[in-house]
Undergrad: 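I have a structure I would like to understand better, so I am pasting it below and will then ask my questions one at a time.
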Amino acid sequence: MTDIACLLRQFVWIITAAICIGPAWASEQTVYSFSVVPQFERRVLFGIWQPILDELQKRTGQRFELVTALSVNEYDQDVHRGVYDFIYVNPYVMVNIEKTPGYQPLIRDGQSLHGILVVRKDSPIQRVEDLQGKSLAIPALQALGASLLLRAELDRRFGVRMNPVIAKTHGSVFLHVINGLTDAGGSVQKALSTQEQPIQASLRVLYRTTDVPSHPIAAHPRVPEALREQVRQALIAMAADPAGKALLGKVPLQEPVAAQAADYHVLRDFHLENYLQ
């Protein structure tokens, strides 16, 4: 009887343990990586995006981990390898990753993107033509508005070719120009508008490029289609209330709208691949 009682106690313990452990297993949830092109310093980037992901988690019940790379170049390499589940990415990169690894855009800002050419406010340079052969700070060669589109238009419209200097981030581009390390800098209006007032006041916009569709938030095809649509709708809904709109405005995603791959096909006509060096 003692042996039987012992066996019964062991059986009860096993069943009890299974009941306790079972819910812990069931509560495990997929964590989706959400990565953002490192346009700004890491502290600034996380300050902008972490509150957005926190709100997105509340609205979807899903878990997201914010990750990024140290430079735009490293980030683009990761994106081309399909490392991340969700991305906020350069529009030109979006064109190149549509088929492989197959990212699909979910939303974009309804406002267009344009590149800008900045010089020091007190710079003697008054015309684009004055920059022939001069140095140009850019965040990365493949940055759309800040490098590819800007350099293409300088070449085709003005016959001006400049010597690019990789600054790694938009913030660093502005500091290169202000500190006299380069004659000019390439960036985007959205990045300049997020800088502290002393930095903005030290720069002058000499030229702005053609408007193109803005950065999309896109999802890897391994992300379930239902979740992709859930994230799309949650982000659009965030812009409908003041608190959510304020969070998205820091990206800035002032007017988030549904996006599709065809929105970015116009970029193929610019033949920007000629300016990837």
Undergrad: Does T209 reach the main-chain N or O of H114 with its side chain, forming a donor-acceptor pair under 3.5 Å?
TA: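 Between the backbone of H114 and the side chain of T209 there is no qualifying donor-acceptor contact (under 3.5 Å).
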Undergrad: Determine whether the side chains of H176 and T182 contain a donor N or O and an acceptor N or O closer than 3.5 Å.
TA: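 Result is no, nothing qualifies.
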Undergrad: For residues R204 and L206, determine if any side-chain heavy atom of one lies less than 4.5 Å from a side-chain heavy atom of the other.
TA: yes
Undergrad: Answer yes or no: are there more than 12 heavy-atom neighbours, outside R222 itself, under 6.0 Å from its atom CZ?
TA: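 More than 12 heavy atoms, drawn from other residues, nucleotides or ligands, come within 6.0 Å of this atom.
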Undergrad: So does V72 get a backbone contact from the side chain of K168, meaning a donor-acceptor N/O pair under 3.5 Å?
TA: no
Undergrad: Are the ring centres of Y207 and F158 closer than 6.0 Å?
TA: yes
Undergrad: Any heavy-atom pair between the side chains of M238 and E55 that's under 4.5 Å?
TA: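 With C-beta onward as the side chain, the pair touches.
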Undergrad: Are the side chain of Q200 and the backbone N or O of Q195 linked by a donor-acceptor pair below 3.5 Å?
TA: yes
Undergrad: Between R228 and E225, does any side-chain N to carboxylate O distance fall below 4.0 Å?
TA: no
Undergrad: Counting only heavy atoms from other residues, nucleotides and ligands, does the tally under 6.0 Å from CG of L70 exceed 12?
TA: no
Undergrad: Would one find more than 12 heavy atoms of other residues, nucleotides or ligands at under 6.0 Å from atom CD of Q197?
TA: yes
Undergrad: Determine whether the side chains of Q50 and D54 contain a donor N or O and an acceptor N or O closer than 3.5 Å.
TA: yes
Undergrad: If only atom types and distance count, is the side chain of Q104 paired as donor or acceptor with the main-chain N or O of P221 below 3.5 Å?
TA: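 Between the backbone of P221 and the side chain of Q104 there is no qualifying donor-acceptor contact (under 3.5 Å).
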Undergrad: Is the side chain of Q132 donor-acceptor paired with the backbone N or O of R161 at a distance under 3.5 Å, no angle test?
TA: yes
Undergrad: Among all residues two or more places apart in sequence or in another chain, which pass the ring pair (Phe, Tyr, Trp, His ring centres under 6.0 Å) test with Y75?
TA: Y84
Undergrad: Hey, are the side chains of P216 and L106 touching, using non-hydrogen atoms and a 4.5 Å cut-off?
TA: no
Undergrad: Report yes or no: does D183 contribute a side-chain atom to a donor-acceptor pair with the main-chain N or O of S135 at less than 3.5 Å?
TA: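 Flag set: sc D183 to bb S135 pair under 3.5 Å.
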Undergrad: Answer yes or no: is there a donor N or O on one side and an acceptor on the other, between the side chain of Y275 and the main chain of Q142, under 3.5 Å?
TA: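 Here the side-chain-to-backbone pair does not exist.
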Undergrad: Do the ring planes of W49 and Y88 sit parallel (below 30°), tilted (30 to 60°) or perpendicular (above 60°)?
TA: tilted
Undergrad: Ignoring hydrogens and angles, tell me if any N or O in the side chain of D109 forms a donor-acceptor pair with the backbone of H215 under 3.5 Å.
TA: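 Checking the backbone N and O of H215 against the side chain of D109, no donor-acceptor pair under 3.5 Å is found.
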